Structure formats: structure tokens, C-alpha cells
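Small disclaimer: the values here were computed from a predicted structure and weren't measured. In what follows, chains carry the letters A, B, and so on, assigned in the order in which the sequence lines appear, proteins first and then strands, with residues in each chain numbered from 1.
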Protein chains: 2
Amino acid sequence: MGISLYELAGAEDERRFSPYCWRIRLALRHKGLPFDGIPWRFTEKDRIAFTGQGKVPVLTDGDRVVVDSWAIAAYLDETYADRPSLLGGPSGKGMARFITDWCDGVVLPAVFRLILADIPRHLHDKDVAYFRTSREQRVGMSLEAFCAERGPRLAEFGKLLAPFRQCLGRQPYLAGDAPAWPDYALQSAFQWARGVSPLHLLETDDPVFDWRERMLDAFDGEGRKALGYPV
Amino acid sequence: MGISLYELAGAEDERRFSPYCWRIRLALRHKGLPFDGIPWRFTEKDRIAFTGQGKVPVLTDGDRVVVDSWAIAAYLDETYADRPSLLGGPSGKGMARFITDWCDGVVLPAVFRLILADIPRHLHDKDVAYFRTSREQRVGMSLEAFCAERGPRLAEFGKLLAPFRQCLGRQPYLAGDAPAWPDYALQSAFQWARGVSPLHLLETDDPVFDWRERMLDAFDGEGRKALGYPV
């Protein structure tokens with residue numbers, strides 16, 4: 001049966017841009033587990049109805065179905081415990097959870113604010129109306145109004161990364177000497193942006209830029225080979 | 001010889017308020033290592049001249065001298081590896097470093113801005129002039145002007161804790177099921193405030209408040225018994 005990963009895709013099957021799916025793609029590569037990445041669109045709720053919910057990532061492993069990126073990461077570490085750890089074992093898992101909350105609560109919303117208006121042009125035709133309507137309802141204005149004033153927001157985004165920038169003065173990865181789940185969670189924000197937006201989020205002299213280069217190169221350039229914009 | 005910890009003290013020997021010293025005090029309790037806490041004042045540079053620098057915490061362990069709170073934590077984990085880990089081993093250490101950078105770069109500066117003006121009244125007489133002059137030079141204004149507008153800054157401080165608040169929905173401590181270094185690093189910010197300022201940093205219905213209660217109670221109430229204000 002093997003492992004399958006349902007991933008959000010855009011107009012092209014190859015344009016995968018969901019940050020929550022990206023962290024699982026990188027996590028599977030980290031574990032060295034082969035998998036099929038199955039393109040899925042927002043409006044194809046019926047295709048994942050078997051999960052009892054309507055969001056990706058969805059991971060199927062034989063008969064097992066796991067949803068929610070954190071739950072999938074924990075599942076992979078438990079089930080494939082003989083392979084390189086994602087979360088750093090029991091002592092690391094709590095810290096990995098906090099760092100994931102930092103990524104999701106601080107970094108992703110800032111990226112969202114910068115790139116949301118770029119997304120519709122890369123969506124599959126069948127998703128465009130759903131996406132615009134649901135997201136404009138969520139943010140309470142047009143996507144274009146929401147993403148105005150990019151200049152100051154980009155500077156603000158740079159400041160939010162300050163603790164990570166500081167950390168990179170001591171170690172090459174968020175998880176230490178080698179990348180692990182926290183790096184994939186953070187890199188997923190950049191893969192998201194890269195997949196849909198021409199905006200350059202980082203200056204080339206930023207240590208975070210260098211880290212992102214390493215992440216784009218990881219696993220035979222998994223992140224860099226993906227369909228998207230140059231960063 | 002045993003372990004000694006030079007800690008910043010205020011007017012009273014018992015008023016210890018440095019966040020960097022507090023995290024080591026809690027770390028030593030975590031490791032179950034007995035130690036002498038030696039009160040030290042800002043202007044007593046000569047008393048720690050043997051370290052080749054002028055800041056506390058300073059830890060002496062027999063003939064060994066270690067400075068810098070992160071270096072001390074790493075030293076304790078390496079030297080007393082058979083005792084409960086602070087940093088979570090090699091896989092946890094990188095994540096612990098990032099969380100420390102988040103505490104130091106995000107949380108401490110926000111607390112600094114709220115309580116700096118409260119510090120002089122709790123300093124030893126010999127430290128007052130040094131502290132005011134050096135800090136006012138650093139912030140470019142009077143301490144009182146620097147700490148004006150506490151209301152909006154307090155609200156901002158609450159927002160900075162959002163990722164931790166989110167994390168507490170899943171686990172009781174920053175490090176997971178039990179406290180470890182990341183918790184001591186964060187709690188040290190609250191011990192600092194508690195030692196010198198009557199300001200209430202957290203609302204009682206905040207999950208972070210409950211976490212802080214647990215931290216104040218830890219190790220037979222080490223944090224709560226210390227001289228300071230009720231929180």
C-alpha cells in the first residue's frame with residue numbers, strides 16, 4: 001500500500017504551496033520514507049471525505065489515515081522510530097511544539113498578510129471563487145486591500161525573525177546541528193510564499209537567507225525544484 | 001568545594017532579581033545540585049575579576065569557573081549527565097537555544113521596558129548611581145520616560161506571549177510534560193519583574209498565569225519564597 005500524502009495544488013499539479021503540506025513533504029524526506037504526493041484542490045472535499053474532515057495534509061499509510069500536520073509528524077516519529085527523529089524524542093517534542101506554535105502564530109500570519117493577494121492567480125480554476133470568497137470573509141476586506149502596504153509589513157516580517165537570526169549565530173539550523181521538524185515548519189512558510197508570490201521576503205545578507213538556501217537544497221533540492229518563483 | 005553561584009542582589013541580600021541568575025538558580029534545583037548563592041552587586045566588579053569579565057551569573061564548581069547562563073546550563077548538563085537533563089540532550093539543545101533566543105530577544109526586552117524604572121529603589125546604595133547612569137545612557141532617556149505608557153506596552157507584552165499561550169493548550173510546560181531549561185529561561189523574566197516591580201504582568205485568566213503559578217511553586221516554592229512583590 002505505501003504512504004500517500006494529499007497536498008494542496010494550484011493550477012498545475014506541480015504547484016504545491018500549502019505550508020502545512022510542505023512541512024510533511026520535508027518530514028517524509030527526513031524520515032527517508034517514499035511516498036506518493038497526490039494533488040488536491042480546496043473544492044475537492046469529497047476526495048478526502050474518508051478522513052471525516054476537509055483539510056490537507058492527509059497522510060495515508062496502508063489502512064491508517066492521519067490528518068493535521070503535527071499529528072502526522074508525531075505519527076511518523078512513533079511509527080518509524082528507527083529512522084531519524086523529527087521531534088527529538090520525548091524531551092524534544094514539547095520544545096518542538098512551542099516552536100511550531102511560534103511558526104504558526106507569528107511567522108505564518110505575517111507571510112499570509114504579504115502574499116494572500118498573489119494566491120488566486122495560481123489556483124486551479126475551480127478553486128478561485130471559493131478561495132476569494134472564503135478568505136475575503138475571513139479577513140473582512142478584499143485580498144488586495146489586505147495585502148496593501150507591503151513595504152512596512154515586509155520590514156515588520158524581518159523583525160519577527162530576530163530570535164531565529166540570533167540563534168543562527170550559534171548553530172546552522174533551528175533544531176541545532178542538523179535540520180529537523182522545527183526547520184521544516186519554518187521553511188514551509190517560505191515554500192508557501194515561493195510557490196505563489198514573486199515577493200522577495202529576505203535580503204541576501206540576512207543569515208536567514210543562507211539558512212533558507214540550505215533548506216532549499218536539502219533532500220536533493222526538494223524545495224528548490226518545486227514549481228515556484230526564484231527567491 | 002561544592003558549587004557557588006554569584007547572583008545579583010539588591011538592597012537586601014535576599015533580593016535576587018537578575019533573570020540570567022534566576023534561570024541558573026532554577027537549573028541547579030532541576031539538577032538537584034546543592035549550591036551556595038552568593039549575593040553580588042553591579043559595582044563589585046573586583047569580586048568577580050577572577051572570571052576575566054564583569055557579569056553574573058558566575059558559577060564555580062570546585063576549581064572550575066563558568067560564566068554566561070547558557071554556557072553554565074550546557075556545563076551542568078555535560079558534567080552532571082546522570083541527573084535530569086536541562087536542554088534535552090543533543091537533539092533538544094538546538095531547540096532550547098532558539099527558545100532561549102526568543103526569551104532573551106522578545107520577552108526580556110518587553111519586560112525591561114515595563115519595569116526598568118522600578119529597579120533603582122530596590123538596589124543597594126552603592127549601585128544606584130551606576131545603574132541609573134549606565135541604563136539611561138543605554139536607552140537614551142530617563143528611566144521614567146523609558147517606562148512611560150505602561151498600559152499599551154502591557155497589552156503588547158501579553159500579545160508577545162501568544163505562541164506560548166497557544167502551546168499551553170496542549171502541554172503544561174514550555175518543555176512539554178515537565179519543566180526544563182526553556183521554562184526556567186522564561187520564568188526568569190517573571191522572577192526579575194516580581195523582584196523589583198509591583199506591576200501585574202499577567203491577568204489571572206491567562207493560561208500563562210497558571211503556568212507561572214506552577215513555576216513559582218516548583219522546587220518547594222523557590223521562586224515564590226524569594227523576596228519580591230505578589231504577582
Side-chain angles (χ1 to χ4, degrees), chain A residues 30 68-71 73-74 77 81 83-110 156 158-186 207-208 211, chain B residues 30 68-71 73-74 77 81 83-110 156 158-186 207-208 211:
Chain A
H30 177 95
D68 178 87
S69 61
W70 176 256
D77 259 3
R83 290 165 181 259
S85 173
L86 285 164
L87 304 176
S91 67
K93 192 173 174 182
M95 292 192 272
R97 182 62 238 178
F98 169 74
I99 299 174
T100 304
D101 284 320
W102 178 76
C103 290
D104 294 352
V106 174
V107 181
L108 286 189
E156 184 59 31
K159 283 183 200 164
L160 293 175
L161 296 172
F164 180 45
R165 197 171 288 122
Q166 183 70 23
C167 187
L168 286 172
R170 293 187 187 243
Q171 60 193 39
Y173 294 101
L174 188 37
D177 294 333
W181 176 258
D183 294 275
Y184 309 140
L186 183 56
V208 181
W211 166 84
Chain B
H30 177 96
D68 178 89
S69 60
W70 175 256
D77 259 3
R83 289 165 180 261
S85 174
L86 285 163
L87 305 175
S91 66
K93 191 173 174 182
M95 292 192 273
R97 183 61 239 179
F98 169 74
I99 298 173
T100 305
D101 284 319
W102 177 76
C103 290
D104 294 352
V106 175
V107 181
L108 287 189
E156 183 59 29
K159 285 183 198 164
L160 293 175
L161 296 172
F164 179 46
R165 198 171 288 121
Q166 183 70 22
C167 188
L168 286 172
R170 295 188 185 242
Q171 59 193 40
Y173 293 101
L174 188 38
D177 294 332
W181 176 259
D183 294 276
Y184 309 140
L186 183 56
V208 181
W211 166 84

- Task: Could I get the full list of side chain to side chain donor-acceptor pair (under 3.5 Å) partners for B/T100, not counting sequence neighbours?
- Result: B/W181
- Item | Heavy-atom pairs under 4.5 Å with chain A, option from B/A96, B/C167, B/G89, B/S85 with the top count | B/C167
- Query: How far does CD1 of A/I99 sit from CG of A/L186, to the nearest 0.5 angstrom?
  - Reply: 9.5 Å
- Query: Which bit of B/Q166 is near chain A, if near means a heavy-atom gap under 4.5 Å: side chain, backbone, both or neither?
  - Reply: both
- So which part of B/L87 gets closer than 4.5 Å to some heavy atom of chain A, the side chain, the backbone, both or neither? backbone
- Message: Out of B/P163, B/G176, B/P182, return the one with the most heavy atom pairs under 4.5 angstrom to chain A.
- Response: B/P163
- Contacting moiety of A/A180, where chain B heavy atoms sit under 4.5 Å: neither
- Of all residues at least two apart in sequence or in a different chain, which pass the side chain to side chain contact (heavy atoms under 4.5 Å, CB included) check with A/A178? none
- Which heavy atom of B/W211 sits nearest a heavy atom of B/L174, and at what distance? NE1-N, 4.3 Å
- Item | Residue pairs passing the salt bridge (charged side-chain N to carboxylate O under 4.0 Å, His left out) test where at least one lies in residues 165-177 of chain B, sequence neighbours excluded | B/R165-B/D206
- The reported gap from CD in B/Q171 to CZ in A/F98 (rounded to nearest 0.5 angstrom) is 10.0 Å
- For A/W70 against A/K93, the heavy-atom pair lying closest together: CH2-O, 3.6 Å
- Task: Would you please go through residues 101-108 of chain B and name the residues with a non-hydrogen atom below 4.5 Å from one of chain A, in numerical order?
- Result: B/D101, B/W102, B/V106
- Spacing of B/L168 atom CG and A/R97 atom CZ [to the nearest 0.5 Å]: 11.5 Å
